[in-house]
There are 2 protein chains.
Amino acid sequence: MFQLCHDGRMSKPAHPTARRADALSKARIVEAAIEILDARGEAALTFRALATHLATGSGAIYWHVADRNDLLAAATENVLARALMKVAREGEPRAAIRAVALAVFDVIDAHPWAGAHLSREPWHSGVGEIFERIGGWLEPLGVPIDAQFDCASALTNYILGVAGQNAANARTLPDGTDREAWLEAVGKRWIEDDPESRPFLRQMAAQLSEHDDRQQFIAGVDFILAGACIRRIA
Amino acid sequence: MFQLCHDGRMSKPAHPTARRADALSKARIVEAAIEILDARGEAALTFRALATHLATGSGAIYWHVADRNDLLAAATENVLARALMKVAREGEPRAAIRAVALAVFDVIDAHPWAGAHLSREPWHSGVGEIFERIGGWLEPLGVPIDAQFDCASALTNYILGVAGQNAANARTLPDGTDREAWLEAVGKRWIEDDPESRPFLRQMAAQLSEHDDRQQFIAGVDFILAGACIRRIA
DNA sequence: ACCTGAACACCGTTCAAGT
DNA sequence: ACCTGAACACCGTTCAAGT
């Protein structure tokens, strides 16, 4: 899978150490990092693996990238920006906000490591864009002016929160596992932690293992929007 | 600060290696871990530091604890359970839900590392309790039956999400830093990332650096509750 | 300017050996 | 049963030396 020459050119390298013909750059490094992260998860992204993948030394990477965190940040920014760029332009406020929210949901579903990083460093510039792209629709949606900041903030926090949870789930439910059985086990454990009671969890047990994450995510977005549209009483 | 004998007994140890008189136990280990985590942060919790703190060998810790993750999980469960236990029993639904939410908010404000762990492993038994303690009030609050699961889920996700963000903030804003200046800098950067536009962020800039996190957190909880009480139209 | 790769200062975890 | 601490297999990061 990881070949020394991954650019397709089959020319025999002059040096046995196989120095690449094309120059290193931050963009190329980030691209390689994303490949490793997607294929083998966050723990697999080591400077040694990355150096091998890029057919270089680990020190070379440090010439273009400050440290591991910088690398993770750049990779996260990359996939997030790409996802937000592809969001269809909507004309209706609710649909537009949903589209942004779902784009973030989906990009983190596809790249769980990005969700983890986003909830570790929420001041990413991509988060600013989420905030803006959502906030701009609150006025036309009818959210009172003095509730708009709280509302945009709640939505952003909610989206990043769910993103983080999803990243966690993806991390512990690697491909093969039976999602429904696992959720059922978690639910059962939650109930058994307090065998005397927990009536609400007992009642919700079925839904807990059968619900659709993506649909439930949107339900939460709708709650926040609906709640923010109401002029508060006290 | 970290003395070999921290139990107050000043008896001279028989061995120069200072073997403790009191036996090791998971409870004592977790307690020591919490002290280190609170005092010096998540990165400072190493088995070597913990072993020194407990005046033992690193291998001894493994007799009582599976691995580092197990330790972090137990510490998180510990502070969370303690915080939830102290929540005042309320009679009114909205006040009761707010009380639980604020308890989680405050415990993570006090122990940021717990917030980080909670958003990495949201199937903790403590999360089940949050879910139950909130969910049980939705019926009396007037949330329609078919919205209760989505609502409890949205609230839990929101709470854990904000918890994670707060943990992140606490991690990067260590004691001394000027919080307001830092938030202002983040806001400015977000605006400058797209100098053509970002009108919403521009408008919210002042609020971004001046708002009260705790109050904004509760505003989000109220949005979700208000939105869930409305019978949905489509 | 950019790249190399050995070296340094750490980790978590294991395990033979002790009591 | 429980504890000890050296040893192992890794890390991120640095840096003198190369081109």
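Every chain is numbered from 1, with letters handed out A, B, ... down the list of sequences. Only a predicted model underlies this, so the values are computations on that prediction, with no experimental measurement involved. Quick note: numbers below take in every heavy atom, side chains included, and nothing from hydrogens, waters or symmetry partners.
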Rounded off to whole Å, could you give me the [atom1]-to-[atom2] distance for the [X] and [N] pair?
X	N	atom1	atom2	result
Phe47(A)	dC10(D)	CZ	P	18 Å
Leu24(A)	dT19(D)	CG	P	19 Å
Ile36(A)	dC11(D)	CD1	P	12 Å
Leu54(A)	dC2(C)	CG	P	16 Å
Leu45(A)	dC11(D)	CG	P	11 Å
Tyr62(A)	dG5(C)	OH	P	17 Å

- Message: Just checking Arg120(A): does its CZ atom have more than 12 heavy atoms from other residues, nucleotides or ligands closer to it than 6.0 angstrom?
- Response: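 For Arg120(A), atom CZ is not crowded (no more than 12 foreign heavy atoms under 6.0 Å).
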- Query: With sequence neighbours left out, what residues match Trp190(A) under ring-ring contact (aromatic ring centres under 6.0 Å, His included)?
  - Reply: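 So Trp190(A) forms no ring-ring contact (aromatic ring centres under 6.0 Å, His included) with any residue.
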Can you check nucleotides 6-9 of chain C for protein contacts, nitrogen or oxygen pairs under 3.5 Å, and list what you find?
none

- Task: Output yes when at least one side-chain N/O atom of Trp63(A) is less than 4.0 Å from OP1 or OP2 of dC3(C), else no.
- Result: no
- Query: Quick one: are Asn169(B) and Trp123(A) in side-chain contact, heavy atoms under 4.5 Å?
  - Reply: yes
- For the residue pair Phe47(A) and Tyr62(A), categorise the inter-ring angle as parallel (less than 30°), tilted (30 to 60°) or perpendicular (more than 60°).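 Parallel, since the angle between the ring planes stays under 30°.
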- Task: Starting at the 5' end of DNA chain C, write a dot or bracket for each base, bracketing those in Watson-Crick or G-U wobble pairs whose two distances are under 3.5 Å and using | for partners on another strand.
- Result: ||.|||||...|||||.||
For [Y], does its backbone N or O pair with a side-chain atom of [X] as donor and acceptor, under 3.5 Å?
X	Y	result
Arg202(A)	Ser197(A)	yes
Arg133(A)	Leu84(A)	yes
Glu184(A)	Ser209(A)	no
Arg68(A)	Leu45(A)	yes

- Query: Is Arg179(B) salt-bridged to Asp213(B), cutoff N-O under 4.0 Å?
  - Reply: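 Salt bridge present between Arg179(B) and Asp213(B).
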- Task: Give every residue pair that meets the side chain to side chain donor-acceptor pair (under 3.5 Å) criterion with at least one member in residues 155-166 of chain A, sequence neighbours excluded.
- Result: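 Those involving residues 155-166 of chain A do not exist here.
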- Base, sugar-phosphate alone, or nothing: which one does Leu50(A) contact when heavy atoms must sit under 4.0 Å apart? nothing
- Item | Positions of residues 64-79 of chain B (non-hydrogen atom under 4.0 Å from DNA chain D), listed by number |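 Close to the strand are His64(B).
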- Task: Output all residues satisfying salt bridge (charged side-chain N to carboxylate O under 4.0 Å, His left out) with Asp193(A), sequence neighbours left out; order by chain, then residue number.
- Result: none
